[in-house]
Asks: 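Below is one structure. I have some questions about it.
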There are 2 protein chains.
Amino acid sequence: MTLDALFQPESVAVIGASTHAGKIGRAIMRNFIEDGFHGRAYAVNPNAEEVMGRKSYDSVLDIDDDIDLAVVSIPPKFSNGAIQDCVEKDVDCVIVITSGYKEIGEDGKKRSEELAEILDGSDTRILGPNCIGIFDTHSGVDTLFVPTYKLERPEQGNIAIVTQSGALGATVLDMLAEMEVGISRFVSYGNQEDITEVELLDWLKEDDKTDAIAIYTEGLSDGREFLKKAREVTEEMPVIALKAGKFESGKSAVVSHTGSLAGSYEIYQGAFKQTGVLEAESLEELFDHSRALAYNEPMEGEKVAVITNGGGLGVLSADALEKRGLELAEFSKSTKKKLREIIPSYGNVENPLDLLGDANSRRYKEALDILKDEDNIDGFIIIPLLQLLPLESDVIDTIINFKESTDRPVVVSTAGGEYTKIHMKNLEEKEVAAYHEPEKAASSLESLYNYGKWKERSGKN
Amino acid sequence: MTLDALFQPESVAVIGASTHAGKIGRAIMRNFIEDGFHGRAYAVNPNAEEVMGRKSYDSVLDIDDDIDLAVVSIPPKFSNGAIQDCVEKDVDCVIVITSGYKEIGEDGKKRSEELAEILDGSDTRILGPNCIGIFDTHSGVDTLFVPTYKLERPEQGNIAIVTQSGALGATVLDMLAEMEVGISRFVSYGNQEDITEVELLDWLKEDDKTDAIAIYTEGLSDGREFLKKAREVTEEMPVIALKAGKFESGKSAVVSHTGSLAGSYEIYQGAFKQTGVLEAESLEELFDHSRALAYNEPMEGEKVAVITNGGGLGVLSADALEKRGLELAEFSKSTKKKLREIIPSYGNVENPLDLLGDANSRRYKEALDILKDEDNIDGFIIIPLLQLLPLESDVIDTIINFKESTDRPVVVSTAGGEYTKIHMKNLEEKEVAAYHEPEKAASSLESLYNYGKWKERSGKN
């Protein structure tokens with residue numbers, strides 16, 4: 001497949017690789033030289049002899065090697081010329097960072113039309129223009145032109161991020177890195193004047209490094225194509241989408257941002273529903289849910305067990321579940337009998353299960369061991385308040401082990417300062433989604449439940 | 001007022017101050033000795049001669065000093081006896097940390113009845129039982145028995161936190177500390193067998209250190225009293241409430257947690273509405289909104305300006321505002337004319353105002369200077385994406401100065417890793433509320449708008 005060259009190129013040309021510090025092309029060149037890219041990297045810049053110690057070519061055509069991927073970061077008046085060279089050179093994919101195409105109005109539209117003519121009849125594929133390109137934790141491709149002190153890069157993980165907005169995508173990457181959430185591939189596709197979001201989804205569905213896809217879209221390239229293809233993707237793995245430009249007020253902002261037509265939100269909702277694409281209500285929900293979806297199997301029923309050492313958080317969980325049409329699981333008699341043996345006499349053994357303020361990690365382990373055998377539970381919310389003195393750090397290992405021992409979804413809610421955050425990062429590293437409040441934990445389980453229902457329904461069709 | 005002794009005592013007795021490491025009473029005693037409490041502190045423990053180098057008294061009655069505040073942290077079978085001594089000693093207020101009262105069922109109920117008899121006819125007031133007491137950033141009172149590595153303490157600020165659940169309150173404190181959000185007073189009131197949440201609100205409304213109150217409640221002490229008093233509080237300052245135990249499923253958990261009756265949620269919603277108490281939908285919203293409410297004047301209209309260097313975030317803001325019935329402000333012709341002079345020709349000067357990816361802090365300053373004179377704006381959402389290379393750190397100062405120069409609400413949305421977090425903390429320290437996404441910024445402005453409407457309406461009555 002041609003898009004392989006986007007994510008896993010063996011040879012790369014950076015068009016606009018510069019000798020000047022602060023230039024985008026220089027930052028991108030540096031990433032290919034310094035940061036774990038295993039392929040061959042070439043600099044293209046007719047105004048330089050050398051860039052970062054490497055020979056600089058006048059044109060991609062002068063390079064005596066096949067080029068899988070070119071990255072174009074030069075002023076818009078030169079960009080189409082450089083792309084023309086790539087077409088002649090038969091480069092597989094070109095990432096066009098340059099903006100100034102249809103998103104800027106009349107002048108840009110001409111440039112976009114010219115680009116379409118250049119591509120007509122060629123096999124070369126274009127990502128963008130007006131995008132920030134690719135960050136791939138496996139191949140080491142990193143076209144993000146922001147240094148890591150400003151923009152941290154996530155570790156390897158199983159979430160793919162597909163975003164129309166580059167800056168927004170960069171923000172998300174930075175947040176995920178800070179939370180120790182890993183990703184597989186990140187792709188910013190901007191104006192999608194050639195490669196579309198549907199093609200990217202289609203490529204990712206075959207990717208064995210990816211288990212869930214999060215997508216930010218301002219406008220789909222082709223509704224009919226999306227309806228046809230998206231269902232095939234959601235049969236393989238969950239896709240969660242945040243649609244921006246839902247209302248009239250945001251639509252004109254969309255046009256000047258990525259040159260897209262935002263379209264009617266109702267039509268989008270319909271398309272998502274028909275294809276099993278889950279919808280996120282906000283940016284935070286997009287990656288809250290995508291973590292749960294990537295780390296867990298779908299939830300097969302609505303019955304949830306809540307286990308905590310903080311009674312108030314248990315009450316809030318009950319509210320959050322009921323609000324979403326999920327239920328508190330009813331524990332069987334035998335489960336309650338066993339729980340009674342490990343919980344002090346003044347406590348109770350109902351769900352939400354309050355392990356009480358004096359609970360240590362051993363009590364957590366005993367309770368989880370008992371609940372593992374309770375069939376009447378479809379998913380778990382575990383809420384360890386690490387602020388309470390008797391609860392030791394190793395409750396985190398207990399939870400990680402429990403999650404690994406069951407096929408049912410397990411999510412965590414816990415919040416606090418530096419001490420708690422260290423523990424939350426540890427959970428994320430081990431693919432246990434940890435949220436700051438019960439509301440988000442319940443909302444993520446709802447997403448797993450909705451995906452479960454979709455899988456069941458689509459399996460029957 | 002008697003409750004002064006809770007927050008600003010000059011002399012304190014810790015009943016249960018212990019020589020044993022790990023005991024709650026020892027941790028509390030340590031706080032009074034080591035952590036900035038300016039009054040006199042006495043240890044009471046009949047089984048010790050000395051606690052942490054201080055004489056230990058057999059009973060509070062043996063102390064040759066007036067005691068403003070006693071803290072009781074001993075096993076439940078002894079607690080009522082110690083409280084009896086406090087009544088005899090005419091102690092103003094007693095914080096009863098001890099649990100094992102009505103929240104544990106029959107045995108506890110008897111203990112609660114006995115406590116009521118002890119208090120009958122006395123002037124001594126009880127906070128709790130089954131609470132974690134007070135943390136006051138002004139007087140230095142700190143009865144939180146968790147070391148600061150597990151539970152960070154916030155700096156001074158203008159938000160008061162009133163919580164029925166101690167553990168939940170501790171979590172919130174820890175989070176706020178980490179975010180550099182300051183508070184005035186924190187009070188955990190547990191079973192409210194004597195001092196009620198209404199009395200606490202009533203005391204706080206006169207507190208010149210407090211500008212907004214956040215309350216977590218599982219069940220109100222007395223609905224009629226609340227209706228009578230809460231309105232007086234909201235005339236002075238905003239109150240935002242999170243009600244737990246909204247649905248049937250959570251109600252039984254409430255009884256065993258703080259011995260409260262959760263009551264009908266509809267009745268609560270009515271009571272909040274009638275008294276101008278704002279409602280939070282979740283724990284995060286509780287302190288998201290309380291920050292906006294504490295740092296800003298109420299918003300007087302629905303027209304919001306959005307300023308950003310990340311177009312996608314502008315689009316999401318437009319969606320989030322419209323969803324809540326707020327509007328994008330229409331910029332006047334003269335404003336647009338001025339904006340056109342500072343924004344590159346390929347950009348536009350509509351709201352959301354996209355300062356474009358190459359914006360530096362100077363462009364932010366110029367834009368905000370122009371918008372400061374635009375009368376058709378009721379509030380501002382500023383979204384600086386610090387990941388983008390051209391945007392320097394001093395945009396934070398620009399925003400802080402802008403906020404200080406206007407009476408209209410200003411909130412920020414920005415998100416990312418360690419680098420961005422440092423800047424967010426700086427904003428919070430200067431009382432500019434900073435959120436992780438436009439959704440939350442818009443939601444907080446809605447809260448300021450609702451409080452503005454309430455103030456306007458209640459002013460007319």
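As the structure is a prediction and not an experimental result, all values here were calculated from the model. Heavy atoms only: backbone and side chains are in, while hydrogens, waters and symmetry mates are out. In what follows, chains carry the letters A, B, and so on, assigned in the order in which the sequence lines appear, proteins first and then strands, with residues in each chain numbered from 1.
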Asks: Just verifying a value: how many Å separate B:L385 CG and A:S165 OG, rounded to the nearest 0.5 Å?
Replies: 8.0 Å

Asks: Measure the spacing between CD of A:E437 and CG of B:L168 and express it to the nearest 0.5 Å.
Replies: 10.0 Å

Asks: So which part of B:T163 gets closer than 4.5 Å to some heavy atom of chain A, the side chain, the backbone, both or neither?
Replies: neither

Asks: Could you grab the distance from atom CG of B:L389 to atom NZ of A:K23, nearest 0.5 Å is fine?
Replies: 12.0 Å

Asks: Answer with side chain, backbone, both or neither: which region of B:L328 has an atom nearer than 4.5 Å to a non-hydrogen atom of chain A?
Replies: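 The answer is the side chain of B:L328.
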
Asks: Could you measure the distance from the CD atom of B:E103 to the OH atom of A:Y346? Nearest 0.5 Å is fine.
Replies: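 Output value for this atom pair is 9.5 Å.
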
Asks: I'd like to know which of A:E152, A:E285, A:E322 tops the heavy-atom pair count under 4.5 Å against chain B.
Replies: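 Of the candidates given, the most pairs with chain B belong to A:E322.
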
Asks: Side-chain contact test, heavy atoms from C-beta onward, threshold under 4.5 Å: evaluate it for B:K323 versus A:E281 and give yes or no.
Replies: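 A side-chain contact under 4.5 Å exists here.
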
Asks: Quick check against the 3.5 Å criterion: does B:D319 have a side-chain atom that pairs as donor or acceptor with the backbone of A:A244?
Replies: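 Absent.
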
Asks: Among A:T171, A:L151, A:I104, which has the most heavy-atom pairs under 4.5 Å with chain B?
Replies: A:T171

Asks: If you count heavy-atom pairs under 4.5 Å with chain B, which of A:S282, A:P147, A:G310 comes out on top?
Replies: A:S282

Asks: Rounded at 0.5 Å granularity, tell me how far OG in B:S345 sits from CG in A:D107.
Replies: 8.0 Å

Asks: Looking at A:G311, A:P352, A:A318, which makes the most heavy-atom pairs under 4.5 Å with chain B?
Replies: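 The option with the most such pairs is A:G311.
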
Asks: Does any N or O in the side chain of A:K150 come within less than 3.5 Å of the main-chain N or O of B:L386, such that one atom is a donor and the other an acceptor?
Replies: yes

Asks: So what's closer than 4.5 Å to chain A heavy atoms on B:A415: side chain, backbone, both or neither?
Replies: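 Contact with chain A involves both backbone and side-chain atoms of B:A415.
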
Asks: Can you check whether A:V146's main-chain N or O pairs, donor with acceptor, with B:Q387's side chain at less than 3.5 Å?
Replies: no

Asks: With only heavy atoms counted, which part of A:I132 is less than 4.5 Å from chain B, the side chain, the backbone, both or neither?
Replies: neither

Asks: To the nearest 0.5 Å, tell me how far B:H436 NE2 sits from A:E284 CD.
Replies: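 Answer for the NE2-CD pair, B:H436 versus A:E284, is 7.5 Å.
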
Asks: Quick check on B:Y216 against chain A: is it the side chain, the backbone, both or neither that has a heavy atom closer than 4.5 Å?
Replies: side chain

Asks: Measure B:L242 against the heavy atoms of chain A and call it side chain, backbone, both or neither at under 4.5 Å.
Replies: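 Only the side chain of B:L242 comes within 4.5 Å of chain A.
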
